[in-house]
*Asks:* 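Quick one: structure below, then a few questions.
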Amino acid sequence: MVKVLWADDEIDLLKPYVLFLEAKGYKVIPATDGQEALDILEKESVDIIFLDENMPGLNGLETLSKIKVQYSSIPVIMITKSEEENIMEQAIGSRISDYLIKPVNPNQILLTLKKHLDQKRLVTQTSTLNYQQEFRNLSMRINENLSWQEWIDLYKDIVRWEIELSTSNDESIFEILKEQKSSANDRFSKFYQENYIDWIKDKTEATPLMSHKILERKVFPLLKAKKRPVFLIVLDNFRFDQWRALQPMIEQYLHTEDESIYYSILPTTTQYARNALFSSLMPLDIKKYYPQYWLDEDKEGNKNQYEPDLLQDNLVRHRIKATQTYHKVLNATYGMRMIDILPNFLQNDINVIVYNFIDMLSHARTESDLVRELASDENAYRSVTRTWFEHSPLKEVLKYLSDKDVDIFLTTDHGSVKVGRPVRIKSNKEASVNLRYKIGRLLEFDAKDVYHVKNPEEIMLPPLSILSPMVFVRSTGYFVYPTNYNYYVSYYNNTFQHGGISMEECLIPFVHLTTKR
């Protein structure tokens with residue numbers, strides 16, 4: 001039974017209210033002043049407190065401050081006759097959950113209780129019911145012949161349901177959504193594979209925005225207009241559902257001017273997708289026209305060290321005269337130090353900031369048992385991202401820019417998918433090590449499990465040799481060698497990986513943010 005502590009020096013006059021709530025199944029514990037309320041709290045646990053602001057002895061605000069010291073988790077509803085602004089500000093500053101102004105009626109009290117005690121349950125019940133009603137429609141859409149835009153719309157809906165149902169305790173509804181998402185991923189992967197070559201070679205007008213076209217389409221028009229500085233913020237390995245998780249926090253400071261989803265090229269890894277992003281070229285063309293900026297798969301070294309050079313040449317190629325800065329944030333110390341020099345960035349036409357935290361998180365989750373526990377599932381993965389952002393230099397950067405006349409683009413190069421289906425493969429020692437794609441000679445695999453590209457040049461990727469095909473796993477698959485098969489399955493199963501074809505890896509956010517003013 002829900003226990004309500006109600007402190008009011010006229011509590012006897014509120015007997016009809018008490019009887020009304022008790023008839024609704026609540027237990028009301030009366031107190032005639034603040035001290036009596038505190039004494040009750042020492043002896044008995046309660047779920048919510050109604051507190052009169054104007055009581056003799058300890059008044060409502062004084063009682064509230066003492067309650068918050070010892071019982072900060074209990075929601076407190078202030079009831080007052082006064083509408084004076086300073087009293088409300090004091091109450092809100094002391095972290096009341098809500099306030100009511102006398103005279104109140106029983107239904108107001110009941111609705112307030114439901115709002116603060118039953119809201120989560122009621123929202124969960126409503127979300128679950130709504131998803132059950134929507135299930136059939138989603139299933140029909142998954143099995144239709146969708147366009148690239150319709151796949152984006154479907155993925156947005158799936159992410160919305162994932163987030164809406166994240167507070168539900170109904171495990172069965174999670175399993176249903178998980179299976180539906182898996183089915184969608186299977187269909188999407190085949191759709192992506194069937195259309196990919198036409199998209200990257202512009203053989204059809206119905207081509208989605210992709211890694212090598214996104215800057216040209218979204219950012220360069222603003223640079224040519226030269227109205228205000230542009231900030232391009234790239235979060236490595238940032239998924240659309242993580243953007244949705246951060247969106248309410250970011251929109252406290254900034255306005256979402258435009259929210260797009262673009263398609264990542266293959267492989268969905270930093271070496272390929274982010275170089276394509278900055279250069280507006282497919283990797284094969286980068287190697288052809290800028291060989292000094294490209295390192296092949298089998299070469300040692302940092303394969304993304306030339307991003308600022310690729311961007312500069314990209315601007316020149318598009319006849320854009322623009323001053324630029326480029327910063328890669330690999331730790332919090334550098335991130336905080338960079339905040340001090342942000343005023344200098346406002347003198348430039350385009351400023352690029354790359355944050356590697358989320359990519360490091362996904363790799364740490366594979367390597368560390370502790371991080372595995374912290375990010376045990378999709379919802380926890382989003383939660384860790386929220387926690388990072390709340391205490392990150394990125395938040396401070398966005399807060400600083402929120403009152404400046406700038407355009408901000410928040411994006412990524414690729415996402416990641418939680419893998420759960422081992423796919424056997426054999427290769428020689430020269431094959432690439434990524435779990436979601438392989439390139440090398442003498443690859444042995446089951447064709448039904450992969451997207452097989454005999455010649456990487458077909459998909460605008462540099463080949464290692466004439467006899468080095470590429471294979472990509474689809475949906476939630478990951479490559480495992482037969483040697484020590486069980487060990488690697490237990491090690492990599494349910495980790496977040498990228499490089500292959502899935503909605504989470506390929507459908508990624510590109511968000512235009514502006515100041516609210």
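Side chains are part of it too, since the values below use all heavy atoms of this structure and drop only hydrogens, waters and symmetry mates. Model, not experiment: these values are computed from the prediction.
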*Asks:* Given side chains that start at C-beta, do those of Val230 and Asp349 come closer than 4.5 Å, heavy atoms only?
*Replies:*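 Side chain of Val230 against side chain of Asp349, heavy atoms only: no contact under 4.5 Å found.
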
*Asks:* Should Arg239 and Glu505 count as an ion pair when the cut-off is N to O under 4.0 Å?
*Replies:*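 Salt bridge between Arg239 and Glu505, a charged N being under 4.0 Å from a carboxylate O: no.
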
*Asks:* Quick test of your reading of the model: are Glu390 and Lys395 salt-bridged, counting only N-O distances below 4.0 Å?
*Replies:*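 Looking at Glu390 and Lys395, the cut-off is met.
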
*Asks:* Between Asn351 (side chain) and Phe345 (backbone), is there a donor-acceptor pair under 3.5 Å?
*Replies:*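 Yes, Asn351 side chain to Phe345 backbone: donor-acceptor pair under 3.5 Å.
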
*Asks:* Taking the six-membered ring for Trp, are Trp199 and Phe191 ring centroids under 6.0 Å apart?
*Replies:*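 For Trp199 and Phe191, the ring centres are under 6.0 Å apart.
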
*Asks:* Once side chain to side chain contact (heavy atoms under 4.5 Å, CB included) is applied, do any residues pair with Ala245, and if so which ones, sequence neighbours excluded?
*Replies:*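 Partners of Ala245 by the side chain to side chain contact (heavy atoms under 4.5 Å, CB included) criterion, ordered by chain and then number, come out as Arg382, Arg386.
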
*Asks:* Both conditions, 6.0 Å and 45 degrees, for the charged tip of Arg474 above the ring of Tyr451: are they met here?
*Replies:*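 Judged by the rule (NZ or CZ under 6.0 Å from the ring centre, within 45° of its axis), Arg474 is not positioned above Tyr451.
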
*Asks:* Can you tell me if Asp285 and Tyr290 form a side-chain donor-acceptor pair at under 3.5 Å?
*Replies:*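 Judged by distance alone, the side chains do not pair up.
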
*Asks:* Considering only NZ, NE, NH1 and NH2 on the basic side and carboxylate oxygens on the acidic side, decide whether Arg424 and Asp449 come within less than 4.0 Å.
*Replies:*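 Salt bridge flag = no for Asp449 with Arg424.
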
*Asks:* Salt bridge or not for Asp157 and Arg160, using N-O below 4.0 Å?
*Replies:*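 The answer is yes: the pair qualifies as a salt bridge.
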
*Asks:* If you look at every heavy atom in Asp236 and Arg274, which pair is closest and at what distance?
*Replies:*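 Minimum heavy-atom contact is CG-NH1, 3.4 Å.
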
*Asks:* Can you tell me if Tyr272 and His414 form a side-chain donor-acceptor pair at under 3.5 Å?
*Replies:*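 Per modelled atom types, Tyr272 and His414 side chains form no pair under 3.5 Å.
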
*Asks:* Has Tyr253 got more than 12 heavy atoms of other residues, nucleotides or ligands less than 6.0 Å from its OH?
*Replies:*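 Yes.
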
*Asks:* Whether the Asn137 and Glu134 side chains hold a donor-acceptor pair (N or O, under 3.5 Å, no angle test) is what I'd like checked.
*Replies:*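 Per modelled atom types, Asn137 and Glu134 side chains form a pair under 3.5 Å.
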
*Asks:* Just wondering, more than 12 heavy atoms not from Lys288 lying within 6.0 Å of its NZ?
*Replies:*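 No - once you tally the heavy atoms of other residues, nucleotides and ligands closer than 6.0 Å, there are 12 at most.
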
*Asks:* For Lys190, I'd like to know if atom NZ has over 12 heavy atoms of other residues, nucleotides or ligands within 6.0 Å.
*Replies:*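 No, not enclosed.
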
*Asks:* Give me the ring orientation class for Tyr263 and Phe188: parallel if the planes are under 30° apart, tilted from 30 to 60°, perpendicular past 60°.
*Replies:*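 Tyr263 vs Phe188 ring planes: tilted.
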
*Asks:* Atom NZ of residue position Lys178 - does it have more than 12 heavy atoms of other residues, nucleotides or ligands inside 6.0 Å?
*Replies:*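 Counting other residues, nucleotides and ligands, NZ of Lys178 stays at 12 neighbours or fewer.
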
*Asks:* Using 4.0 Å as the upper bound for N to carboxylate O, is an ion pair formed by Lys287 and Glu457?
*Replies:*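 Between Lys287 and Glu457 there is no salt bridge, as every charged N stays at least 4.0 Å from the carboxylate O atoms.
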
*Asks:* Check whether any side-chain heavy atom of Arg441 sits under 4.5 Å from a side-chain heavy atom of Leu464, and report yes or no.
*Replies:*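 The answer is no; the side chains never approach within 4.5 Å.
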
